Amino acid sequence: MPQGISDKIRAVMRPSAAALEPYDPAFSQVRVNLSANENTYGMPPEVKAAVDKGLCDAVTNRYPQPLSNELRSELARWHGVGEDHVIVGNGGDELLFNLFLAFGGRDHVLVTCEPTFSVYRLYAELVETMVVDVPRDPETFECDADALVEAASTNASASW
């Protein structure tokens, strides 16, 4: 059960949200944690100086552009695609959540091959998307393509 949520509040929450385990990116006590996209060694001094200057020059008394048009335009130009092919967000978790909001739900299925990023299951369950786990080959760690296709065709509507 989520920590810090009182029983009174949990009682009025949507059941799918009340039952979720909170995501903790600091769960693994290791020196180098690649799963959290953290830089163990910090920024090089010249990069830190440029970031510090950018932060000092940033306008902080107004909301930023909600669609990050300047950034999207630059990224599109850099990759040779149209701006409508570029999305940006406040980290990968936000982008994943937006994808689950847009494309998830009771009529959809998320297929995973453990071990995988735990946020996939968390967000799927939050928007009531059925999760089907397909085991990997224990010797080679490969995914079974036929089993993935079969799992993806699971009738999610019939399972609710």
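Fair warning: this is a prediction, and the values are worked out from it, not measured in the lab.
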*Which of these passes side-chain contact (heavy atoms from CB on, under 4.5 Å) with V111: T154, V149, L148?*
L148

Is there a side-chain contact between [X] and [Y] (heavy atoms, below 4.5 Å)?
X	Y	answer
D93	Y123	yes
F141	C113	no
L122	L126	no
R72	N69	yes

Give, for atom [atom1] of [X] and atom [atom2] of [Y], the distance between the pair rounded to the nearest 0.5 Å.
X	Y	atom1	atom2	value
E94	L99	CD	CG	10.5 Å
K53	K48	NZ	NZ	14.5 Å
N98	N90	CG	CG	9.5 Å
E125	F100	CD	CZ	10.0 Å
E142	R136	CD	CZ	10.0 Å

Can you tell me if [X] uses its side chain to pair, donor with acceptor, with the backbone of [Y] under 3.5 Å?
X	Y	result
R121	L110	no
R106	E128	no
T129	V109	no

*Does CD belonging to E70 count more than 12 external heavy atoms closer than 6.0 Å?*
no

Do you reckon [X] sits in the same ILVMFWY cluster as [Y], going by side-chain contacts under 4.5 Å, direct or chained?
X	Y	result
V47	Y41	no
L55	V59	no
L96	V88	no
F117	V131	yes
F103	L95	no

_Heavy-atom closest pair, residues G104 and V127_ = CA-CG2, 4.4 Å

